[in-house]
Amino acid sequence: MHKMKKLIKILFVIIGIVLILIIIGIGYFYVAFNNYNFEDTHELTEDNLVYFNNSYEDARKDFRSKSDELLEKYNGTKRFQLPVQSKIDTDLTIDFCYIPGSENADKILILSSGVHGVEGYVGSAIQLFFMENYINNEFLNKTSILLIHSVNPYGFKYDRRVTENNVDINRNSAIDKKLYQIVNEGYPKVYDLINPKGEVETGSFENRFFFVNAIKEIAKKSMPVLRQAIVQGQYRFPDGLFYGGNDFEPQIKDLVQIIDTICDPYQTIFSIDLHTGYGERGKIHLFPNPVEDPIKKRMETIFEGYQIDWGDSDDFYTVTGDFIDYIGKINHDKTFIPMTFEYGTMNSQTTIGSIKSLHIMILENQGEQYGFLSDEDSQKVKNDFIKMYYPVSDAWKSHIIDETKILFDNSLKRFSELEL
Ligand SMILES: [Zn+2]
(Lines give C-alpha, C1' and ligand atoms only; values in the text may rest on other atoms or scores of the structure.)
Protein backbone atom coordinates (compact mmCIF):
# COMPACT_ATOMS: atom_id res chain seq x y z
CA MET A 1 0.00 0.00 0.00
CA HIS A 2 2.80 2.34 0.96
CA LYS A 3 4.65 1.46 -2.23
CA MET A 4 1.53 2.22 -4.29
CA LYS A 5 1.26 5.67 -2.75
CA LYS A 6 4.89 6.34 -3.56
CA LEU A 7 4.37 5.29 -7.18
CA ILE A 8 1.36 7.55 -7.56
CA LYS A 9 3.36 10.40 -6.10
CA ILE A 10 6.18 9.84 -8.60
CA LEU A 11 3.65 9.65 -11.41
CA PHE A 12 2.16 13.00 -10.40
CA VAL A 13 5.60 14.58 -10.27
CA ILE A 14 6.37 13.29 -13.79
CA ILE A 15 3.05 14.55 -15.14
CA GLY A 16 3.73 17.88 -13.47
CA ILE A 17 7.17 18.16 -15.05
CA VAL A 18 5.81 17.24 -18.47
CA LEU A 19 3.04 19.83 -18.15
CA ILE A 20 5.53 22.51 -17.12
CA LEU A 21 7.75 21.62 -20.09
CA ILE A 22 4.77 21.84 -22.46
CA ILE A 23 3.78 25.22 -21.05
CA ILE A 24 7.37 26.49 -21.36
CA GLY A 25 7.49 25.17 -24.93
CA ILE A 26 4.23 26.83 -25.90
CA GLY A 27 5.31 30.04 -24.17
CA TYR A 28 8.60 30.02 -26.02
CA PHE A 29 6.91 29.46 -29.38
CA TYR A 30 4.23 32.02 -28.58
CA VAL A 31 6.79 34.75 -28.00
CA ALA A 32 8.94 33.71 -30.97
CA PHE A 33 5.95 33.42 -33.29
CA ASN A 34 4.22 36.65 -32.31
CA ASN A 35 7.38 38.77 -32.22
CA TYR A 36 9.12 37.38 -35.27
CA ASN A 37 11.63 39.97 -36.40
CA PHE A 38 15.10 40.54 -37.78
CA GLU A 39 18.01 42.84 -37.13
CA ASP A 40 20.18 43.03 -40.23
CA THR A 41 23.72 43.92 -39.35
CA HIS A 42 25.32 43.78 -42.79
CA GLU A 43 27.41 46.70 -43.86
CA LEU A 44 25.45 49.21 -45.91
CA THR A 45 26.63 50.40 -49.33
CA GLU A 46 24.45 53.32 -50.42
CA ASP A 47 25.19 52.72 -54.12
CA ASN A 48 23.55 49.32 -53.86
CA LEU A 49 20.19 50.86 -53.03
CA VAL A 50 19.71 52.70 -56.33
CA TYR A 51 18.35 49.55 -57.99
CA PHE A 52 15.37 49.24 -55.64
CA ASN A 53 12.05 50.90 -56.45
CA ASN A 54 9.03 50.98 -54.19
CA SER A 55 6.37 50.60 -56.85
CA TYR A 56 5.73 48.59 -59.99
CA GLU A 57 5.47 51.78 -62.06
CA ASP A 58 8.85 53.11 -60.91
CA ALA A 59 10.51 49.75 -61.39
CA ARG A 60 9.10 49.48 -64.91
CA LYS A 61 10.13 53.06 -65.71
CA ASP A 62 13.73 52.30 -64.71
CA PHE A 63 13.67 49.06 -66.66
CA ARG A 64 12.49 50.88 -69.77
CA SER A 65 15.05 53.65 -69.52
CA LYS A 66 17.86 51.15 -68.89
CA SER A 67 16.61 49.25 -71.95
CA ASP A 68 16.74 52.46 -73.97
CA GLU A 69 20.35 53.01 -72.94
CA LEU A 70 21.21 49.51 -74.10
CA LEU A 71 19.32 50.13 -77.32
CA GLU A 72 21.57 53.13 -78.00
CA LYS A 73 24.67 51.12 -77.25
CA TYR A 74 24.13 47.72 -78.83
CA ASN A 75 22.95 47.15 -82.38
CA GLY A 76 19.84 45.09 -82.79
CA THR A 77 18.62 45.56 -79.23
CA LYS A 78 14.85 45.38 -78.97
CA ARG A 79 12.66 46.63 -76.21
CA PHE A 80 8.95 45.85 -76.25
CA GLN A 81 5.94 45.15 -74.06
CA LEU A 82 3.21 42.62 -73.71
CA PRO A 83 0.00 44.06 -72.23
CA VAL A 84 -1.66 41.78 -69.68
CA GLN A 85 -5.45 41.96 -69.64
CA SER A 86 -7.16 42.92 -66.42
CA LYS A 87 -10.67 43.80 -65.28
CA ILE A 88 -9.46 46.72 -63.20
CA ASP A 89 -6.29 48.05 -64.81
CA THR A 90 -5.43 48.97 -68.39
CA ASP A 91 -1.76 49.62 -67.75
CA LEU A 92 -0.25 46.26 -66.86
CA THR A 93 2.63 45.11 -69.03
CA ILE A 94 5.39 42.58 -69.14
CA ASP A 95 8.46 44.39 -70.48
CA PHE A 96 11.21 42.80 -72.52
CA CYS A 97 14.72 43.78 -73.43
CA TYR A 98 16.50 41.57 -75.95
CA ILE A 99 20.17 42.20 -76.66
CA PRO A 100 21.45 39.92 -79.41
CA GLY A 101 25.08 38.86 -79.13
CA SER A 102 27.64 38.78 -81.92
CA GLU A 103 27.37 36.42 -84.87
CA ASN A 104 29.29 33.82 -82.84
CA ALA A 105 26.77 33.85 -80.04
CA ASP A 106 25.15 30.43 -79.82
CA LYS A 107 23.81 30.85 -76.29
CA ILE A 108 21.21 33.00 -74.65
CA LEU A 109 20.78 34.02 -71.04
CA ILE A 110 17.21 34.66 -69.89
CA LEU A 111 16.71 36.61 -66.67
CA SER A 112 13.09 36.86 -65.55
CA SER A 113 11.41 38.59 -62.61
CA GLY A 114 8.03 38.97 -60.91
CA VAL A 115 6.53 35.57 -61.69
CA HIS A 116 5.27 35.98 -58.14
CA GLY A 117 4.17 39.60 -58.48
CA VAL A 118 5.23 40.96 -55.10
CA GLU A 119 8.66 39.37 -55.53
CA GLY A 120 9.16 41.78 -58.42
CA TYR A 121 10.60 44.52 -56.20
CA VAL A 122 13.73 42.48 -55.64
CA GLY A 123 13.66 40.76 -59.02
CA SER A 124 13.50 44.08 -60.83
CA ALA A 125 16.39 45.44 -58.72
CA ILE A 126 18.53 42.44 -59.64
CA GLN A 127 17.70 42.93 -63.33
CA LEU A 128 18.64 46.62 -63.18
CA PHE A 129 21.87 45.72 -61.39
CA PHE A 130 22.61 43.16 -64.10
CA MET A 131 21.83 45.59 -66.93
CA GLU A 132 24.14 48.21 -65.51
CA ASN A 133 27.09 45.98 -64.73
CA TYR A 134 27.18 42.80 -66.79
CA ILE A 135 26.26 43.66 -70.34
CA ASN A 136 29.40 44.32 -72.37
CA ASN A 137 30.96 43.34 -75.68
CA GLU A 138 32.97 40.54 -74.16
CA PHE A 139 29.87 38.86 -72.77
CA LEU A 140 27.87 39.53 -75.93
CA ASN A 141 30.58 37.99 -78.04
CA LYS A 142 29.36 34.56 -76.99
CA THR A 143 25.96 35.11 -75.44
CA SER A 144 22.72 36.90 -76.19
CA ILE A 145 20.49 38.23 -73.44
CA LEU A 146 16.75 38.35 -72.84
CA LEU A 147 15.34 40.17 -69.83
CA ILE A 148 11.70 39.61 -68.92
CA HIS A 149 10.44 42.20 -66.46
CA SER A 150 7.47 41.40 -64.20
CA VAL A 151 5.79 38.28 -65.54
CA ASN A 152 2.87 38.96 -63.18
CA PRO A 153 2.44 42.75 -63.32
CA TYR A 154 -0.93 42.64 -61.53
CA GLY A 155 0.66 40.94 -58.53
CA PHE A 156 3.60 43.34 -58.54
CA LYS A 157 1.42 46.45 -58.73
CA TYR A 158 -1.11 45.27 -56.15
CA ASP A 159 1.30 43.42 -53.86
CA ARG A 160 0.05 39.92 -54.39
CA ARG A 161 2.00 36.79 -55.16
CA VAL A 162 -0.73 35.62 -57.50
CA THR A 163 -2.61 37.06 -60.46
CA GLU A 164 -5.95 38.82 -60.53
CA ASN A 165 -7.55 35.35 -60.76
CA ASN A 166 -5.80 34.18 -57.59
CA VAL A 167 -3.58 32.03 -59.79
CA ASP A 168 0.02 31.27 -58.92
CA ILE A 169 1.91 31.70 -62.21
CA ASN A 170 4.56 29.34 -60.90
CA ARG A 171 1.91 26.60 -60.82
CA ASN A 172 0.11 27.68 -64.01
CA SER A 173 2.93 27.74 -66.56
CA ALA A 174 2.36 25.10 -69.20
CA ILE A 175 2.17 24.58 -72.92
CA ASP A 176 -0.39 21.81 -72.50
CA LYS A 177 -3.68 22.09 -70.60
CA LYS A 178 -3.19 18.63 -69.14
CA LEU A 179 -1.44 20.39 -66.29
CA TYR A 180 -4.77 21.54 -64.91
CA GLN A 181 -5.97 17.95 -64.55
CA ILE A 182 -3.25 17.09 -62.07
CA VAL A 183 -4.63 16.08 -58.67
CA ASN A 184 -2.68 17.04 -55.57
CA GLU A 185 -3.87 14.29 -53.26
CA GLY A 186 -2.39 15.75 -50.11
CA TYR A 187 -3.98 19.16 -50.51
CA PRO A 188 -7.55 18.41 -49.32
CA LYS A 189 -6.04 17.12 -46.06
CA VAL A 190 -4.37 20.48 -45.40
CA TYR A 191 -7.11 22.62 -46.95
CA ASP A 192 -8.72 23.67 -43.66
CA LEU A 193 -5.42 24.46 -41.99
CA ILE A 194 -4.25 26.82 -44.75
CA ASN A 195 -7.57 28.22 -45.97
CA PRO A 196 -9.56 29.47 -42.98
CA LYS A 197 -12.89 31.18 -43.69
CA GLY A 198 -14.29 34.53 -42.57
CA GLU A 199 -12.88 38.00 -41.97
CA VAL A 200 -9.31 38.16 -40.77
CA GLU A 201 -8.80 39.07 -37.14
CA THR A 202 -5.07 39.07 -36.49
CA GLY A 203 -5.44 39.05 -32.69
CA SER A 204 -7.78 36.06 -32.56
CA PHE A 205 -6.87 33.04 -30.47
CA GLU A 206 -6.53 30.88 -33.61
CA ASN A 207 -4.06 33.29 -35.12
CA ARG A 208 -1.97 33.90 -32.02
CA PHE A 209 -1.73 30.16 -31.47
CA PHE A 210 -1.58 29.15 -35.13
CA PHE A 211 1.79 27.50 -34.48
CA VAL A 212 0.15 24.93 -32.19
CA ASN A 213 -2.06 23.62 -34.99
CA ALA A 214 0.83 23.78 -37.43
CA ILE A 215 3.14 21.81 -35.12
CA LYS A 216 0.40 19.23 -34.55
CA GLU A 217 0.11 18.78 -38.33
CA ILE A 218 3.89 18.55 -38.69
CA ALA A 219 3.98 15.89 -35.95
CA LYS A 220 1.19 13.95 -37.66
CA LYS A 221 2.44 14.14 -41.26
CA SER A 222 6.15 15.12 -41.03
CA MET A 223 7.50 18.38 -42.40
CA PRO A 224 8.47 17.14 -45.91
CA VAL A 225 5.05 15.52 -46.48
CA LEU A 226 3.19 18.56 -45.20
CA ARG A 227 5.31 20.99 -47.23
CA GLN A 228 4.86 18.94 -50.36
CA ALA A 229 1.05 18.83 -49.97
CA ILE A 230 0.85 22.56 -49.43
CA VAL A 231 3.26 23.98 -52.00
CA GLN A 232 3.12 21.45 -54.84
CA GLY A 233 0.28 23.37 -56.48
CA GLN A 234 -3.39 22.49 -56.78
CA TYR A 235 -6.04 22.91 -59.49
CA ARG A 236 -9.21 22.33 -57.50
CA PHE A 237 -9.75 25.18 -55.04
CA PRO A 238 -9.75 28.61 -56.76
CA ASP A 239 -9.85 30.45 -53.43
CA GLY A 240 -7.01 28.41 -51.94
CA LEU A 241 -3.30 28.98 -51.61
CA PHE A 242 -1.06 27.69 -54.42
CA TYR A 243 -3.93 27.54 -56.89
CA GLY A 244 -2.63 26.91 -60.41
CA GLY A 245 -5.80 27.80 -62.34
CA ASN A 246 -7.85 25.76 -64.77
CA ASP A 247 -6.58 27.38 -67.96
CA PHE A 248 -3.52 29.29 -69.18
CA GLU A 249 -3.28 32.70 -67.57
CA PRO A 250 -3.24 35.31 -70.39
CA GLN A 251 0.51 35.91 -70.25
CA ILE A 252 1.29 32.20 -70.19
CA LYS A 253 -0.65 31.83 -73.40
CA ASP A 254 1.04 34.83 -75.03
CA LEU A 255 4.61 34.25 -73.91
CA VAL A 256 5.08 30.97 -75.80
CA GLN A 257 5.38 32.69 -79.18
CA ILE A 258 7.68 35.44 -77.89
CA ILE A 259 10.08 33.09 -76.11
CA ASP A 260 10.06 30.60 -78.98
CA THR A 261 10.88 33.25 -81.58
CA ILE A 262 13.67 34.87 -79.58
CA CYS A 263 15.30 31.59 -78.54
CA ASP A 264 15.07 30.08 -82.01
CA PRO A 265 18.64 30.90 -83.18
CA TYR A 266 20.31 29.58 -80.01
CA GLN A 267 21.32 26.06 -79.11
CA THR A 268 21.86 26.65 -75.40
CA ILE A 269 19.53 28.46 -73.05
CA PHE A 270 20.42 29.43 -69.51
CA SER A 271 17.26 30.55 -67.75
CA ILE A 272 17.33 32.21 -64.35
CA ASP A 273 14.08 33.07 -62.62
CA LEU A 274 14.28 35.48 -59.67
CA HIS A 275 12.30 34.83 -56.50
CA THR A 276 12.30 35.93 -52.87
CA GLY A 277 10.83 34.74 -49.60
CA TYR A 278 12.18 31.23 -49.27
CA GLY A 279 15.24 30.27 -47.26
CA GLU A 280 17.83 31.76 -44.98
CA ARG A 281 17.64 35.52 -44.66
CA GLY A 282 20.13 37.38 -46.84
CA LYS A 283 21.31 34.25 -48.62
CA ILE A 284 20.82 33.37 -52.29
CA HIS A 285 19.57 29.82 -52.65
CA LEU A 286 20.03 27.98 -55.92
CA PHE A 287 17.10 25.78 -56.86
CA PRO A 288 17.52 24.03 -60.20
CA ASN A 289 14.80 21.97 -61.80
CA PRO A 290 15.69 18.29 -62.03
CA VAL A 291 18.11 17.71 -64.92
CA GLU A 292 19.96 14.78 -66.44
CA ASP A 293 23.62 14.18 -65.89
CA PRO A 294 25.50 16.06 -68.63
CA ILE A 295 23.58 19.24 -67.84
CA LYS A 296 23.93 18.71 -64.11
CA LYS A 297 27.72 18.62 -64.56
CA ARG A 298 27.60 21.86 -66.53
CA MET A 299 25.54 23.54 -63.86
CA GLU A 300 27.99 22.43 -61.20
CA THR A 301 30.72 24.01 -63.30
CA ILE A 302 28.82 27.26 -63.71
CA PHE A 303 28.03 27.50 -59.99
CA GLU A 304 31.26 26.00 -58.69
CA GLY A 305 31.76 26.82 -55.02
CA TYR A 306 28.05 27.24 -54.44
CA GLN A 307 25.60 24.95 -52.79
CA ILE A 308 23.02 23.81 -55.31
CA ASP A 309 19.85 22.37 -53.77
CA TRP A 310 19.45 19.39 -56.05
CA GLY A 311 16.53 18.00 -54.17
CA ASP A 312 18.16 15.37 -52.02
CA SER A 313 17.56 17.21 -48.76
CA ASP A 314 14.48 17.28 -46.53
CA ASP A 315 13.90 20.90 -47.50
CA PHE A 316 13.14 19.86 -51.02
CA TYR A 317 9.75 19.94 -52.65
CA THR A 318 8.52 19.61 -56.22
CA VAL A 319 5.96 21.82 -57.88
CA THR A 320 3.83 21.46 -60.99
CA GLY A 321 3.52 24.16 -63.65
CA ASP A 322 6.55 26.26 -62.78
CA PHE A 323 7.76 29.00 -65.07
CA ILE A 324 11.30 27.73 -65.64
CA ASP A 325 10.00 24.31 -66.62
CA TYR A 326 7.71 26.05 -69.12
CA ILE A 327 10.61 27.91 -70.75
CA GLY A 328 12.37 24.56 -70.94
CA LYS A 329 9.38 22.93 -72.62
CA ILE A 330 9.20 25.70 -75.21
CA ASN A 331 12.87 24.92 -75.91
CA HIS A 332 12.63 21.17 -75.58
CA ASP A 333 15.00 20.55 -78.50
CA LYS A 334 17.80 22.68 -77.01
CA THR A 335 20.33 22.39 -74.23
CA PHE A 336 18.43 23.93 -71.37
CA ILE A 337 19.96 25.07 -68.08
CA PRO A 338 17.18 25.85 -65.57
CA MET A 339 17.84 27.78 -62.38
CA THR A 340 15.80 29.58 -59.76
CA PHE A 341 17.42 32.09 -57.42
CA GLU A 342 15.62 32.45 -54.10
CA TYR A 343 16.60 35.43 -51.99
CA GLY A 344 15.93 34.37 -48.40
CA THR A 345 14.04 36.71 -46.10
CA MET A 346 12.33 34.79 -43.29
CA ASN A 347 14.71 31.98 -42.32
CA SER A 348 12.06 29.63 -43.62
CA GLN A 349 14.55 26.76 -43.33
CA THR A 350 13.74 26.81 -39.60
CA THR A 351 10.48 25.38 -38.22
CA ILE A 352 9.33 28.64 -36.71
CA GLY A 353 10.34 30.57 -39.87
CA SER A 354 8.41 28.24 -42.14
CA ILE A 355 5.31 28.34 -39.91
CA LYS A 356 5.49 32.12 -39.77
CA SER A 357 5.88 32.41 -43.56
CA LEU A 358 2.95 30.10 -44.15
CA HIS A 359 0.79 32.00 -41.67
CA ILE A 360 1.52 35.32 -43.38
CA MET A 361 0.48 33.82 -46.72
CA ILE A 362 -2.66 32.32 -45.20
CA LEU A 363 -3.84 35.62 -43.69
CA GLU A 364 -3.12 37.54 -46.88
CA ASN A 365 -5.17 35.15 -48.97
CA GLN A 366 -7.95 34.91 -46.37
CA GLY A 367 -8.18 38.72 -46.33
CA GLU A 368 -8.38 38.78 -50.09
CA GLN A 369 -11.19 36.20 -50.08
CA TYR A 370 -13.21 37.33 -47.05
CA GLY A 371 -11.97 40.77 -46.05
CA PHE A 372 -10.58 42.04 -42.76
CA LEU A 373 -12.26 42.76 -39.44
CA SER A 374 -10.63 46.20 -39.22
CA ASP A 375 -8.28 48.54 -41.10
CA GLU A 376 -5.56 47.70 -38.58
CA ASP A 377 -5.90 44.01 -39.38
CA SER A 378 -5.68 44.78 -43.08
CA GLN A 379 -2.64 47.03 -42.62
CA LYS A 380 -0.82 44.52 -40.45
CA VAL A 381 -1.40 41.62 -42.80
CA LYS A 382 -0.43 43.56 -45.92
CA ASN A 383 2.67 44.95 -44.22
CA ASP A 384 3.83 41.55 -43.05
CA PHE A 385 3.19 40.18 -46.51
CA ILE A 386 5.23 42.78 -48.40
CA LYS A 387 8.05 42.60 -45.84
CA MET A 388 8.30 38.88 -46.37
CA TYR A 389 9.14 39.38 -50.07
CA TYR A 390 10.68 42.82 -49.94
CA PRO A 391 12.33 43.54 -46.58
CA VAL A 392 12.34 47.17 -45.48
CA SER A 393 15.88 46.93 -44.21
CA ASP A 394 18.46 48.80 -46.32
CA ALA A 395 21.15 46.56 -44.88
CA TRP A 396 19.37 43.52 -46.32
CA LYS A 397 18.96 45.17 -49.73
CA SER A 398 22.57 46.25 -49.84
CA HIS A 399 23.74 42.82 -48.74
CA ILE A 400 21.86 40.91 -51.42
CA ILE A 401 23.33 43.14 -54.13
CA ASP A 402 26.79 42.32 -52.75
CA GLU A 403 25.91 38.64 -52.75
CA THR A 404 24.49 38.83 -56.27
CA LYS A 405 27.66 40.53 -57.48
CA ILE A 406 29.81 37.67 -56.21
CA LEU A 407 27.44 35.12 -57.73
CA PHE A 408 27.19 36.88 -61.11
CA ASP A 409 30.94 37.60 -61.26
CA ASN A 410 31.59 33.89 -61.02
CA SER A 411 28.70 32.19 -62.75
CA LEU A 412 27.98 34.43 -65.75
CA LYS A 413 31.56 34.37 -66.93
CA ARG A 414 31.66 30.60 -66.62
CA PHE A 415 28.42 30.27 -68.56
CA SER A 416 29.66 32.51 -71.35
CA GLU A 417 32.93 30.57 -71.58
CA LEU A 418 31.32 27.15 -71.34
CA GLU A 419 32.23 24.99 -74.33
CA LEU A 420 29.34 22.82 -75.38
ZN1 LIG B 1 8.47 33.05 -55.74
Side-chain angles (χ1 to χ4, degrees), residues 107-113 115-116 119 122-123 126-127 129-130 134 139 142-143 145-146 148 170-171 173 223-224 227-228 231-233 268-329 331-332 334-350 353-354 357 389 399-420:
K107 301 180 229 169
I108 184 165
L109 170 71
I110 301 177
L111 193 57
S112 50
S113 73
V115 162
H116 289 136
E119 299 171 26
V122 173
I126 300 303
Q127 286 177 316
F129 172 69
F130 171 83
Y134 291 90
F139 192 74
K142 291 183 173 169
T143 310
I145 297 162
L146 172 66
I148 309 177
N170 225 27
R171 307 292 182 275
S173 302
M223 187 63 125
R227 183 184 282 128
Q228 181 62 39
V231 305
Q232 174 183 320
T268 302
I269 293 132
F270 180 21
S271 196
I272 302 173
D273 197 30
L274 301 166
H275 288 256
T276 66
Y278 191 84
E280 187 183 329
R281 189 170 175 92
K283 187 176 164 184
I284 308 172
H285 298 264
L286 308 181
F287 288 108
N289 289 47
V291 288
E292 296 296 320
D293 219 7
I295 297 181
K296 195 171 173 177
K297 288 254 153 56
R298 280 172 193 152
M299 291 173 78
E300 280 166 350
T301 306
I302 294 172
F303 294 104
E304 208 186 299
Y306 280 86
Q307 180 192 337
I308 303 178
D309 291 315
W310 283 112
D312 29 27
S313 78
D314 272 359
D315 287 338
F316 184 69
Y317 57 89
T318 52
V319 307
T320 53
D322 75 273
F323 188 67
I324 284 283
D325 184 53
Y326 161 82
I327 297 181
K329 287 204 169 104
N331 292 290
H332 60 92
K334 314 275 179 74
T335 301
F336 185 66
I337 305 176
M339 185 55 87
T340 296
F341 289 178
E342 274 281 357
Y343 290 81
T345 58
M346 292 287 283
N347 281 349
S348 65
Q349 81 284 4
T350 65
S354 69
S357 307
Y389 298 104
H399 177 68
I400 61 145
I401 294 292
D402 287 338
E403 292 287 298
T404 305
K405 181 176 187 308
I406 300 168
L407 179 58
F408 277 171
D409 282 351
N410 289 307
S411 59
L412 295 180
K413 199 164 162 12
R414 291 199 203 114
F415 169 67
S416 123
E417 283 166 0
L418 203 63
E419 295 298 332
L420 297 147

Can you tell if the side chain of [X] reaches within under 4.5 Å of the side chain of [Y], non-hydrogen atoms only?
X	Y	answer
Pro338	Ile327	no
Ile308	Pro288	yes
Thr143	Phe270	no
Asn410	Phe303	no

What I want to check is whether the side chains of Gln228 and Thr318 have a donor and an acceptor closer together than 3.5 Å. yes
When you measure from the side chain of Lys107 to the backbone N and O of Ser416, does any donor-acceptor pair fall under 3.5 Å? yes
Could you go through residues 280-287 and list every donor-acceptor pair under 3.5 Å that involves a side-chain atom there, pairing it with any protein atom two or more places apart or in another chain?
{"unit_1": "Arg281", "atom_1": "NE", "unit_2": "Asp40", "atom_2": "OD1", "d": "2.9"}
{"unit_1": "Arg281", "atom_1": "NE", "unit_2": "Asp40", "atom_2": "OD2", "d": "3.4"}
{"unit_1": "Arg281", "atom_1": "NH1", "unit_2": "Thr345", "atom_2": "O", "d": "2.7"}
{"unit_1": "Arg281", "atom_1": "NH2", "unit_2": "Asp40", "atom_2": "OD2", "d": "2.8"}
{"unit_1": "His285", "atom_1": "NE2", "unit_2": "Glu280", "atom_2": "N", "d": "2.8"}

Audit row: Lys297, Asp293, salt bridge (charged side-chain N to carboxylate O under 4.0 Å, His left out) steps and yes/no: CA-CA 6 Å; Lys297 288 254 153 56; Asp293 219 7; 3.6 Å; yes
Heavy-atom pair with the smallest gap, counting every atom of Tyr326 and Ser173: CB-CB, 3.6 Å
When every non-hydrogen atom of Gly279 is compared with those of Ser348, the smallest separation belongs to N-OG, 2.7 Å
Using the rule given for side-chain contact (heavy atoms from CB on, under 4.5 Å), can you reason through His399 versus Ile401, listing the C-alpha separation, both sets of side-chain angles and the distance that settles it, and then say yes or no? CA-CA 5 Å; His399 177 68; Ile401 294 292; over 6 Å; no
Hey, what do you get for [atom1] ([X]) to [atom2] ([Y]), rounding to the nearest 0.5 Å?
X	Y	atom1	atom2	answer
Asn347	Tyr278	CG	OH	12.0 Å
Ile126	Thr404	CD1	OG1	3.5 Å
Met299	Phe415	CE	CZ	11.0 Å
Leu111	Ile145	CG	CD1	9.0 Å
Arg298	Thr268	CZ	OG1	7.0 Å

With [X] via side-chain contact (heavy atoms from CB on, under 4.5 Å) - residues at least two apart:
X	result
Thr301	Leu418
His275	Val115, His116, Glu119, Asn170, Asp273, Thr340, Glu342
Asp325	Asn289, Asp322, Lys329
Glu304	Arg414

Look at the rings of Phe341 and Phe408 and say which category their plane angle falls in: under 30° parallel, 30 to 60° tilted, over 60° perpendicular. tilted
Is the distance from the ring center of Tyr343 to that of Tyr389 below 6.0 Å? no
Passing candidate, side-chain contact (heavy atoms from CB on, under 4.5 Å) with Ile337, options Ile302, Ile272, Ile269: Ile302
Going by side chain to side chain donor-acceptor pair (under 3.5 Å), name the residues that satisfy it together with Ser354, two or more places apart in sequence or in a different chain. none
side-chain contact (heavy atoms from CB on, under 4.5 Å) evaluation trace for Leu109 with Phe130: CA-CA 12 Å; Leu109 170 71; Phe130 171 83; 3.7 Å; yes
